[in-house]
*Asks:* 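Right, I'll just put the structure down here and ask away after.
Sequence lines set the chain letters: A, B, ... in the order given, protein chains first and strands last, and positions in each chain run from 1.
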Number of protein chains: 2
Amino acid sequence: MPITQAEENYLKAIFKIAEKDDKPALTNAIAAVMQTSAASVTDMLKRLADKQLITYEKYRGVQLTEEGHRLSTALIRRHRLWEVFLTEKLGFAWDEVHDLAEQLEHIQGNGLIDRLDNFLGNPGFDPHGDPIPNAEGHWTYRNQSLLATLQPGTQGVVTGVDDHSATFLQYLDQLGLALGAQVSLLEQFPYDHSVRVRTGDGRELVLSEKVTKNLYIKLLESGN
Amino acid sequence: MPITQAEENYLKAIFKIAEKDDKPALTNAIAAVMQTSAASVTDMLKRLADKQLITYEKYRGVQLTEEGHRLSTALIRRHRLWEVFLTEKLGFAWDEVHDLAEQLEHIQGNGLIDRLDNFLGNPGFDPHGDPIPNAEGHWTYRNQSLLATLQPGTQGVVTGVDDHSATFLQYLDQLGLALGAQVSLLEQFPYDHSVRVRTGDGRELVLSEKVTKNLYIKLLESGN
DNA sequence: AAAAAAATTTAGACTAGACTAAAATATTTT
DNA sequence: AAAATATTTTAGTCTAGTCTAAATTTTTTT
């Protein structure tokens, strides 16, 4: 039995939930990610369990099997490589590529993705700074922290985002905080957990907690 | 109501049949192209007629409406541009790209295809020599003839194929008759309609009627 | 440890797209 | 112009994926 696009999408949703919580993914959580009803999720979980892509215990949530994990990783790899293609080669902005990659990731074909990877120069990260697993499913590790967790006085470079919504990404563009932008954390305001930062080009910005909790920074060695 | 992938595939099949015959496409003909049953075709024809993409008269066959024609043309444009991408950029051979393009042609997204077209340098023809309609749906005309229709003594260049099967394309590769190859028609054998040709690099080949009826040649001016 | 609330599953129904078998309509042959 | 044949449509069924409403199970509150 081939794996359908709907099944692939569920696998990805389960992977993403498991990644965060490291606990079995619950029906309602999956329903929220998939924007569908809990009843539909239950139906699909049975199908995925039949295909041995998840282990499913009624009322207890699900976990990916090894095969399910392998497929999810491959799917994320495909998604992120297509995102690189769309930005690097076709000139799309980082807030425009998600929906297209969501479709492209389902294209099936021998050797397609490895050729694409090669054509793109084997990129390690996608346009949002997310790592791209290699053909064996291994991830590049990177030392980055949410801006929200840093101490005043530290300095770093924007390396990723947690929120991939177009509105957030466009707001970052407006602030001049694309990937690679330098920021120094000047001050934290305990009242609402907003912060004041200085950008690489010398501007000062105040960022809300919502921003600091969605922006990844790689620290620069303080010696530099 | 959005147009589904299945509907798009039927539109393309109807377009291709109409292109050849210039008569209404009949149920069985569509069933043959779609590799499905006549009953399934009838079901789909009703849906397409509801959506005003075809005009359908029971037992009488179908014709594309203006909108149906526009959509089919756009679909062919997408298919052929993706084929160019797969060969030119990813290095696939001309006999490997059909199934992938069959999937890629259904990707929906604002500006995607025009960006792709631009990235590829606005190619006029796909890897099989088929013309690619432009964004307005206009076709590049090219003066080419089936090898089967040429007279001995004429000389030309391979510009296209009618049969897109991998076996035919691989056979042409083996014969050294890729797009752009030179051929002079030396002799026709009335018995089985096979022909003897000389290739650009001086080899002599005998080609069966099946080959000559699937190979397009653009005549060289005899003065050259 | 009941009762209340929340989460999940079941039951039953719907649509798109396919199928087979049977009925209806067209076309071809005699 | 009938009869025979070929084509097409209808009728009824199936699956994947969705839905709502009702029933069940788990968790939380009292």
Side-chain angles (χ1 to χ4, degrees), chain A residues 1-14 16-18 20-21 23-64 68 71-72 75 102-103 105-106 108, chain B residues 1-15 17-18 20-21 23-64 68 71-72 75 102-103 105-106 108:
Chain A
M1 249 164 300
I3 284 135
T4 68
Q5 293 195 10
E7 287 167 348
E8 287 190 334
N9 288 333
Y10 274 95
L11 284 180
K12 204 172 53 160
I14 295 166
K16 287 198 171 161
I17 292 164
K20 284 237 160 101
D21 301 0
K23 274 178 270 179
L26 298 177
T27 303
N28 266 359
I30 299 168
V33 172
M34 295 296 297
Q35 310 240 66
T36 187
S37 72
S40 304
V41 173
T42 301
D43 284 352
M44 180 56 93
L45 296 184
K46 287 178 190 161
R47 277 192 288 271
L48 292 173
D50 284 349
K51 292 194 179 182
Q52 321 240 40
L53 300 173
I54 59 171
T55 54
Y56 170 44
E57 215 184 329
K58 262 193 182 185
Y59 295 101
R60 288 275 115 96
V62 297
Q63 278 181 304
L64 293 171
L71 285 174
S72 314
L75 197 62
E102 205 75 359
Q103 299 174 62
E105 70 190 9
H106 298 295
Q108 306 281 349
Chain B
M1 246 165 304
I3 285 135
T4 68
Q5 293 195 10
E7 288 167 348
E8 287 191 334
N9 288 333
Y10 274 95
L11 284 181
K12 205 171 53 160
I14 294 165
F15 182 94
I17 293 164
K20 284 238 163 101
D21 301 1
K23 275 178 269 178
L26 299 177
T27 303
N28 266 359
I30 299 168
V33 172
M34 294 297 297
Q35 309 239 64
T36 186
S37 71
S40 304
V41 174
T42 301
D43 284 352
M44 180 56 93
L45 296 184
K46 287 178 190 161
R47 278 193 287 271
L48 291 174
D50 284 349
K51 293 192 178 181
Q52 321 239 39
L53 300 173
I54 58 170
T55 54
Y56 170 45
E57 214 185 330
K58 262 191 183 187
Y59 294 102
R60 288 275 115 98
V62 297
Q63 277 181 306
L64 293 170
L71 286 173
S72 315
L75 197 61
E102 206 76 357
Q103 300 174 62
E105 70 189 10
H106 299 296
Q108 306 282 348

*Asks:* Nearest to the side chain of A:Thr4 - D:dT8, D:dA16, C:dT9?
*Replies:*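 That would be D:dA16.
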*Asks:* How about A:Gln52: does its CD atom have over 12 heavy atoms from other parts shown lying under 6.0 Å from it?
*Replies:* no
*Asks:* Please identify each residue that fulfils side chain to side chain donor-acceptor pair (under 3.5 Å) with B:Ser37, with sequence neighbours left out.
*Replies:*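 Applying side chain to side chain donor-acceptor pair (under 3.5 Å) to B:Ser37 gives B:Ser40.
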*Asks:* What integer distance in Å separates A:Asp50:CG from D:dG17:P?
*Replies:*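 The answer, rounded to whole Å, is 12 Å.
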*Asks:* Under 4.0 Å: is that the gap between some side-chain N or O of A:Thr42 and OP1 or OP2 of C:dT9?
*Replies:*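 So the side chain of A:Thr42 is within the cut-off, an N or O lying under 4.0 Å from OP1 or OP2 of C:dT9.
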*Asks:* List for me each residue that meets side chain to side chain contact (heavy atoms under 4.5 Å, CB included) alongside B:Ala18, sequence neighbours excluded, and say none if there are none.
*Replies:* none
*Asks:* So, OP1 or OP2 of D:dC19: does either fall under 4.0 Å of a side-chain N or O from A:Ser40?
*Replies:*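 Yes, such a contact exists.
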*Asks:* Taking CD1 from B:Ile30 and P from D:dT8, how many angstroms apart are they, rounded to a whole number?
*Replies:* 9 Å
*Asks:* To the nearest angstrom, how far is B:Leu45 atom CG from D:dT9 atom P?
*Replies:* 7 Å
*Asks:* Does D:dT7 have OP1 or OP2 under 4.0 Å away from a side-chain N or O of B:Thr27?
*Replies:*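 The answer is no; no side-chain N or O of B:Thr27 sits under 4.0 Å from OP1 or OP2.
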*Asks:* Please report the distance, rounded to the nearest Å, between CG in B:Asp43 and C1' in D:dT8.
*Replies:* 12 Å
*Asks:* Does a side-chain N or O from B:Tyr56 land closer than 4.0 Å to OP1 or OP2 of D:dT9, or not?
*Replies:*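 Yes, within the criterion.
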*Asks:* If you look at every strand shown and take non-hydrogen atoms under 4.0 Å, does A:Ala38 touch a base, only sugar-phosphate, or nothing?
*Replies:* base
*Asks:* Does the side chain of A:Tyr10 get closer than 4.0 angstrom to OP1 or OP2 of D:dA16 through an N or O atom?
*Replies:*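 A:Tyr10 to D:dA16 OP1/OP2: no side-chain N or O under 4.0 Å.
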*Asks:* Does D:dC19 have OP1 or OP2 sitting under 4.0 Å from an N or O in the side chain of A:Thr36?
*Replies:*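 Yes, A:Thr36 has a side-chain N/O under 4.0 Å of OP1/OP2 on D:dC19.
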*Asks:* I'd like to check the salt bridge (charged side-chain N to carboxylate O under 4.0 Å, His left out) partners of A:Lys12; sequence neighbours left out, ordered by chain and number.
*Replies:* A:Glu102, A:Glu105
*Asks:* Between atom CD in B:Glu57 and atom P in D:dT9, what is the gap in whole Å?
*Replies:* 11 Å
*Asks:* Could you tell me whether the phosphate oxygens of D:dT10, OP1 or OP2, come under 4.0 Å of any side-chain nitrogen or oxygen in B:Lys46?
*Replies:* yes
*Asks:* For the pair made of CG in B:Leu26 and P in D:dT9, what is the distance, rounded to whole Å?
*Replies:* 9 Å
*Asks:* A:Ile54 and A:Leu45: which non-hydrogen atoms are nearest, and at how many Å?
*Replies:*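 Smallest interatomic distance, heavy atoms only, reads CD1-O, 3.4 Å.
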*Asks:* From CG of B:Asn9 over to P of C:dG17, roughly how many Å is that when rounded to an integer?
*Replies:*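 B:Asn9 atom CG is separated from C:dG17 atom P by 10 Å.
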*Asks:* Can you find a side chain N or O atom of A:Arg47 that sits less than 4.0 Å from OP1 or OP2 on D:dA16?
*Replies:* no
*Asks:* Show every salt bridge (charged side-chain N to carboxylate O under 4.0 Å, His left out) that has at least one partner inside residues 26-49 of chain A, sequence neighbours left out.
*Replies:*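 Listed once each, the pairs would be none.
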*Asks:* What is the nucleic acid contact for A:Asn28, judged by heavy atoms within less than 4.0 Å: base, sugar-phosphate only, or nothing?
*Replies:* sugar-phosphate
*Asks:* When you check every protein heavy atom under 4.0 Å of nucleotides 21-29 of chain D, what one-letter string (B, S, -) results, 5' to 3'?
*Replies:* ---BSSS--
*Asks:* Roughly how many Å is it from CE in A:Met44 to P in C:dT10, rounded to a whole number?
*Replies:*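 It works out to 16 Å between those atoms.
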*Asks:* Return the set of residues passing side chain to side chain donor-acceptor pair (under 3.5 Å) with A:Gln103 (not counting sequence neighbours), or none when no residue passes.
*Replies:* none
*Asks:* Test side chain to side chain contact (heavy atoms under 4.5 Å, CB included) on A:Leu48 and A:Tyr56 and set out the steps.
*Replies:* CA-CA 9 Å; A:Leu48 292 173; A:Tyr56 170 44; over 6 Å; no
